[in-house]
Amino acid sequence: MPAQITEPRDINELMHRAQEIAGFNLQQIAALHNLTAPNDLRKEKGWIGQLLELHLGATAGSKPIQDFPALGVELKTIPINAQGKPLETTFVCVAPLTGNHGITWETCNVANKIKQVLWIPVLGERDIPVAERIVGSPLLWQPDPLENAQLQEDWEELMDMIALGQVEQITARHGKYLQLRPKAANNKVRTKAYGSEGEIIQVRPRGFYLKKAFTHQLLKKHFNI
């Protein structure tokens, strides 16, 4: 199978490419692009996602838009165990901690990113060498009305706390499906946020993440596991 790095013309072509690599291990896919899988992911945390973006023809790079903007599709790799259970939360996007006046759920980046997601499960247990981790069957998903309503409720709760200067009080327990967590290369990175008196303070950047319970429920529903 030749390496394909042009942007897919439509969703059918994207899904065909994703289905073609189901059952491949990561080194087999990397070899199509003259790459070698790293020994571990500690220093290359995003390597699996970047490899699949390359292979499937994603064009967004690091821009805060969908990975396939012409198709309106976001790509998310999800590490799972042998029972199909997600091993970690799923990063959605960086959270804006200031300048949020007028943003609604309909216009926010979280809603845009998860409007239509191509999920690609990857067997990700740590005792399996990165090169030997198997790619699973793809799933093209859109939130149903109930999922969308709960995600909106979570987002509004978290954004209200940010606006009220309570960002430092937000824990991973807030939100049923969506959580806010520190997201930075290291502990020294800082960004602006509102304090409790409306003043500007410096905090660690935050990101929105989908909880494992949500993605597990999603995979169970669609793959009957």
Side-chain angles (χ1 to χ4, degrees), residues 1-24 26 28-30 32-33 35 45-80 84 86 88-96 103-124 133-152 154-155 177-178 183 207-211 214-223:
M1 183 170 61
Q4 298 181 40
I5 53 173
T6 54
E7 189 172 7
R9 287 163 299 197
D10 53 34
I11 285 178
N12 286 340
E13 185 176 351
L14 173 61
M15 292 305 293
H16 177 69
R17 289 184 193 181
Q19 283 153 358
E20 272 195 321
I21 55 171
F24 276 50
L26 293 174
Q28 288 171 316
I29 299 167
L32 296 170
H33 303 279
L35 299 171
K45 194 161 168 47
W47 184 84
I48 295 175
Q50 288 161 7
L51 174 66
L52 295 180
E53 284 175 14
L54 170 66
H55 186 78
L56 297 173
T59 58
S62 59
K63 294 195 284 286
I65 54 174
Q66 293 152 335
D67 292 307
F68 300 90
L71 307 180
V73 174
E74 177 75 1
L75 173 66
K76 290 292 179 197
T77 55
I78 183 164
I80 58 169
E88 56 189 56
T89 56
T90 301
F91 174 67
V92 180
C93 61
V94 172
I103 297 178
T104 64
W105 171 247
E106 289 74 23
T107 61
C108 79
N109 203 22
V110 174
N112 184 52
K113 285 274 195 177
I114 61 168
K115 211 180 319 188
Q116 190 167 219
V117 179
L118 173 58
W119 294 98
I120 299 192
V122 178
L123 204 55
R133 295 181 187 181
I134 305 290
V135 172
S137 296
L139 163 66
L140 189 66
W141 167 83
Q142 292 176 298
D144 65 29
L146 273 177
E147 290 164 337
N148 190 71
Q150 183 61 57
L151 288 162
Q152 177 175 352
D154 291 346
W155 179 85
Y177 292 162
L178 192 68
K183 167 73 174 173
F208 285 111
Y209 291 79
L210 294 171
K211 294 188 174 187
F214 177 69
T215 49
H216 187 212
Q217 172 184 302
L218 185 158
L219 293 176
K220 277 202 304 187
K221 184 164 73 173
H222 291 277
F223 289 121

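- Taking the six-membered ring for Trp and thresholds of 30 and 60 degrees, Tyr177 and Phe214 have ring planes inclined between 30 and 60 degrees apart.
- Residue pairs meeting the salt bridge (Lys or Arg N to Asp or Glu O under 4.0 Å) criterion with at least one partner in residues 135-150, sequence neighbours excluded, are Asp144-Lys221, Glu147-Lys221.
- In this structure, the side chains of Gln19 and Ser137 stay at 4.5 Å or more apart for every pair of heavy atoms.
- Residues Ile21 and Gln28 are not in side-chain contact: their nearest non-hydrogen atoms beyond the backbone lie 4.5 Å or more apart.
- For Pro86 against Thr215, the heavy-atom pair with the smallest separation is CG-OG1, 3.4 Å.
- Residues Tyr209 and Lys183 form a side-chain contact, since some pair of their non-hydrogen atoms from C-beta on lies under 4.5 Å apart.
- Contact of the Leu210 side chain with the Leu178 side chain is registered, since non-hydrogen atoms from C-beta on lie closer than 4.5 Å.
- Gln150 is linked by a side chain to side chain donor-acceptor pair (under 3.5 Å) to Asp154, counting only residues two or more places apart in sequence or in another chain.
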Report, one line per pair, each donor and acceptor closer than 3.5 Å where one atom sits in a side chain of residues 67-80; sequence neighbours left out.
unit_1	atom_1	unit_2	atom_2	d
Asp67	OD2	Leu75	N	2.9
Glu74	OE1	Asp67	N	3.1
Glu74	OE2	Lys113	NZ	3.4
Lys76	NZ	Phe91	O	2.6

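- The closest side-chain heavy-atom distance from Trp155 to Ile103 is below 4.5 Å.
- Residue Ile114 holds its CD1 atom at 11.0 Å from CD of Gln66, rounded to the nearest 0.5 Å.
- Minimum heavy-atom separation, Pro8 to Gly57: CD-O, 3.7 Å.
- Of the listed residues (Glu20, His33, Arg17, Gln50), just one forms a side chain to side chain donor-acceptor pair (under 3.5 Å) with His55, and that residue is His33.
- Looking at heavy atoms from C-beta onward, Trp105 lies in side-chain contact with Asn148 at the 4.5 angstrom threshold.
- The shortest side-chain heavy-atom distance between Ile120 and Leu56 falls under the 4.5 Å cut-off.
- Every residue two or more places apart in sequence or in another chain that forms a side-chain contact (heavy atoms from CB on, under 4.5 Å) with Ala30 is listed here: Gln27, Leu35, Trp47, Leu51.
- Note that NE2 of His16 and CG of Asp10 are 11.5 Å apart. Values are rounded to the nearest 0.5 Å.
- With Glu13 contributing its side chain and Arg9 its backbone, the two residues share a donor-acceptor pair below 3.5 Å.
- Between Gln116 atom CD and Ile11 atom CD1 the span is 4.0 Å, to the nearest 0.5 Å.
- When side chains are defined from C-beta on, Cys93 counts as touching Val110, because their heavy atoms get closer than 4.5 Å.
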